[in-house]
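Treat the numbers as computed from the prediction; the structure is a model and nothing was measured. Sequence lines set the chain letters: A, B, ... in the order given, protein chains first and strands last, and positions in each chain run from 1.
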2 protein chains.
Amino acid sequence: MESKPVRLVDIARAAGVSLATASQVMNNSGRIADATRQRVLAAAERLDYRPNALARATASGRSRTIGILAENASGAFCMPVLVGTNRTLSRFNLASVLYDAAHSVDLRHSHFRELQARQVDGIVVIGDGADGVSQSISQEFAGPVAYAFGKSSDPADAVFLPDDEQAGRLAAEHLIGLGRTRLVHVSAEAELATVAGRARGFASALAAHGLQPAHEPIHGTFSRESGFYSARRLIDSGAGFDGIFAGNDAIAVGLAAELQASGRRVPDDVAIVGFDNTAGQAGERELFLTSIDPQLAAVGSRAVEWLVAQLDDDQDASSVVPSVECTLVTGRSTVGGLPTPRSLVLEQLLA
Amino acid sequence: MESKPVRLVDIARAAGVSLATASQVMNNSGRIADATRQRVLAAAERLDYRPNALARATASGRSRTIGILAENASGAFCMPVLVGTNRTLSRFNLASVLYDAAHSVDLRHSHFRELQARQVDGIVVIGDGADGVSQSISQEFAGPVAYAFGKSSDPADAVFLPDDEQAGRLAAEHLIGLGRTRLVHVSAEAELATVAGRARGFASALAAHGLQPAHEPIHGTFSRESGFYSARRLIDSGAGFDGIFAGNDAIAVGLAAELQASGRRVPDDVAIVGFDNTAGQAGERELFLTSIDPQLAAVGSRAVEWLVAQLDDDQDASSVVPSVECTLVTGRSTVGGLPTPRSLVLEQLLA
DNA sequence: CTGAAAGCGCTTACAG
DNA sequence: CTGAAAGCGCTTACAG
């Protein structure tokens, strides 16, 4: 079936040139006569030559491999980022070696050493969420390091995240565009950067439209329970409101449940926008929740683009923007429309 | 920060031995005096030596790297398999380079060539489902190839899948254990191997308990819609039934919805078992659906164990079983129990 | 434009 | 038990 692999010498011999010349042709380096080039290329084609990437790497010092350090690959959000990094990596003809720390700091460190041993040209650290902080390894590593979907302990590092402010603006614009004017933001801990960012964007969009929030932002946690509780607070405050931007989908669902339970119809009385697009990501077709999609694959993609720019000197790394634009997907929670009879039944069932 | 990397010669020099001896110590090969060994190890430790894995690989011909070819990494089921392979890979000190074909046959082929160029010691092909068939590459590749969560076009290949028959028995045993005796299997296309396997296991468990199916197996597709439709057929048949094993969770949910809509209570009147444990995998706590978990991470793990056994001559590859046992997770759809007050609220959500 | 030579960092028979 | 030497397959100055 498979015979002994053909090496560069075989090509050189077949083409009647030296090893050095053959190598230069394969790497598009040096000045080579066009005739020679064609001859070598033809030989490589004919013999189905596959350069040994490992030998090439040890000789050249560049492995064309990127190390990926996932804080927690099993996490719900890691996968899309991973898909994005890999897609872009292969667009640049780069390979990746992936290690999953599964939250273990010890593992993390041994993986890092493995990556060094394997001479990776760069590293992308995939965090476990935009509010998570990964221990910076940039100082210990010779090449560039990108942090995707998670911060780094060193503020100087290149961190790639969804654009929370833009997300907040997007949510506000959507609600305002629907004619809602008495808007509220309900989110998680105010100290979190994502929470602050989304709140800032939301507030700025309101201001830009000359609108006052119907209630000051309500802070809880990223959970359904917090949504229940926040809805109660909002109702008890007596404030009038017709639109809510929730910090994430869990909160949004909690809010929706409690508001409906209190007799307020969603979206007729109150329109709700979530964040994460969890249902959409899971492949649901008819969405209940309008939600902001953080474009996680694009985040991974962006991190790799930056890494590549760092590796290629002819590329300008500073042109790569670290914030990735979010998108909005619409569901019945803002634009309304009847659920199909069937999804009605389903939703009662699965809630 | 980081100085020039320390090489094996540095260790040899520091320990006052030859390069060959140092190498042997690092690889636990040859007979080395204990004193010498200690001296070398100490030097390596002191200088924080990290062997260059690439050089080691080109010299030895073994890269200690496994190639992973994913048919479709974005698929809902690929992730758990991937996590399993990687976990086990790192247990054996192996690295992996991952390529995602995203269903493209062309990509698939160029990725395969990349893997060859990178001198991987083995390959695991991650399919897009137990009924999917991947083009076999075993004949074109020099090392071992494992197919995880997907079949291969060559029946001689090593294929790792969840044990569908056992899953079927598990579902039946669970329902019977709950006192249900009029059982039915509702699944997808009868031609599919997974469907046939689950059906076989289910039927055999019934037989073992001296039970007749309450209705012949109903075949449709792996979708909610098929669940609706099958429920109708079942009801219209006039057959009495108190337990259903559904081919997957989508069907199960469809069944449950239609049965509830027709006035039958789940699980009081009809208990339902699904397959995939989608909600559980998504991290839901209080499950509506009792479901069979295909243990996808274990499938990936098993494939790697086999691969490793093939690579190490001293291991017995034939001891690795290609079928992975499924587990059953219980939800309200069979064991009942009230949803918590909170999920009750949620259920009112869209009522 | 092309080739002979040294080198990347390691491993592996083979003598001794 | 240890070392000198050749080798893995490739790249990269350096002459010419």
Side-chain angles (χ1 to χ4, degrees), chain A residues 3-41 43-44 47-65 95 113-114 116-121 142, chain B residues 3-41 43-44 47-65 95 113-114 116-121 142:
Chain A
S3 41
K4 62 182 40 148
V6 7
R7 301 150 305 162
L8 189 54
V9 271
D10 301 320
I11 304 302
R13 262 201 279 275
V17 299
S18 77
L19 192 56
T21 302
S23 171
Q24 266 154 209
V25 171
M26 299 312 295
N27 293 292
N28 276 310
S29 62
R31 349 243 105 259
I32 304 284
D34 223 57
T36 322
R37 170 181 308 280
Q38 297 310 333
R39 206 139 35 86
V40 173
L41 255 21
L47 301 186
D48 191 26
Y49 171 59
R50 276 99 112 153
N52 181 323
L54 264 30
R56 197 200 281 244
T58 76
S60 72
R62 317 188 73 246
S63 64
R64 295 205 65 75
T65 303
R113 294 193 49 128
E114 267 296 316
Q116 290 184 114
R118 285 177 185 273
Q119 313 290 114
V120 297
D121 294 335
Chain B
S3 41
K4 61 183 43 152
V6 6
R7 299 151 306 160
L8 189 53
V9 272
D10 301 323
I11 304 302
R13 263 201 278 274
V17 298
S18 77
L19 191 54
T21 302
S23 171
Q24 267 155 204
V25 171
M26 297 315 292
N27 291 294
N28 277 308
S29 63
R31 351 244 104 255
I32 303 286
D34 223 58
T36 322
R37 172 182 307 281
Q38 298 310 332
R39 206 138 35 85
V40 173
L41 255 22
L47 300 187
D48 190 25
Y49 172 59
R50 276 102 111 153
N52 180 325
L54 264 28
R56 196 199 282 243
T58 76
S60 71
R62 318 188 73 246
S63 64
R64 295 204 65 75
T65 303
R113 296 192 49 128
E114 267 294 316
Q116 290 184 116
R118 287 180 184 270
Q119 313 290 113
V120 296
D121 295 334

From CZ of A:R39 over to C1' of C:dC1, roughly how many Å is that when rounded to an integer? 12 Å
Just how far, in rounded Å, is C1' of D:dT12 from CG of A:N28? 16 Å
Length of the line joining B:L8:CG and D:dG3:C1', which is rounded to integer Å: 13 Å
So what does B:A33 touch, heavy atoms closer than 4.0 Å: a base, only the sugar-phosphate, or nothing? sugar-phosphate
OP1 or OP2 of C:dT11 less than 4.0 angstrom from a side-chain nitrogen or oxygen of B:S60, does that happen here? no
Can you tell me how far P of D:dG7 sits from CZ of A:R7, to the nearest Å? 12 Å
What I'd like to find out is whether the side chain of A:R37 reaches to under 4.5 Å of the side chain of A:N28, using heavy atoms alone. yes
Mate of D:dA4 across any strand shown (Watson-Crick or G-U wobble, both atom pairs under 3.5 Å) is none
G-U wobble or Watson-Crick pairing nucleotide for C:dA13 (cut-off 3.5 Å, both distances): none
Of the nucleotides C:dT2, C:dT11, D:dT11, which one has an atom closest to the side chain of B:S23? C:dT11
Give me the atom names and distance for the closest heavy-atom approach of A:L47 to A:V6. O-CG1, 3.3 Å
Would you say D:dG9 has OP1 or OP2 under 4.0 Å from some side-chain N or O of A:Y49? no
Measure from CG on B:L19 to P on C:dT11 and round the result to the nearest Å. 8 Å
When we call it a touch if two heavy atoms are under 4.0 Å apart, what does A:S29 touch: a base, just sugar-phosphate, or nothing? nothing
Taking only the side-chain nitrogens and oxygens of B:T21, find out if one of them lies under 4.0 Å from OP1 or OP2 of D:dC1. no
Could you please spell out the steps behind the side-chain hydrogen bond (donor to acceptor under 3.5 Å, both in side chains) verdict for A:R56 and A:S63? CA-CA 8 Å; A:R56 197 200 281 244; A:S63 64; over 6 Å; no
Of A:A20 and A:D34, whose nearest nucleotide on DNA chain C comes first from the 5' end? A:D34
Quick check: do A:S23 and A:L8 have side-chain heavy atoms less than 4.5 Å from each other? yes
Within less than 4.0 Å of OP1 or OP2 of C:dT11, is there a side-chain N or O belonging to B:N27? yes
Min side-chain heavy-atom separation B:R7-B:N52 under 4.5 Å: no
Spacing of B:L54 atom CG relative to C:dG7 atom C1', expressed in whole Å: 16 Å
Calculate the interatomic distance between A:R118 atom CZ and C:dC10 atom C1'; express it in whole Å. 14 Å
Under-4.0 Å side-chain N/O to phosphate OP1/OP2 contact, A:S18 with C:dT2: no
Rounded to whole Å, the CD1-P distance (B:I11 to C:dG9) equals 13 Å
Salt bridge flag under 4.0 Å for residues A:D48 and B:R113: yes
For B:Q24 and B:P51, find the nucleotide of DNA chain C closest to each by heavy atoms; which residue's nucleotide sits nearer the 5' end? B:P51
N/O (side chain, A:T58) to phosphate O (OP1/OP2, D:dC10) under 4.0 Å: no
Quick check for you: among D:dG3, C:dG9, D:dT11, whose closest atom lies nearest to any side-chain atom of B:V17? D:dG3
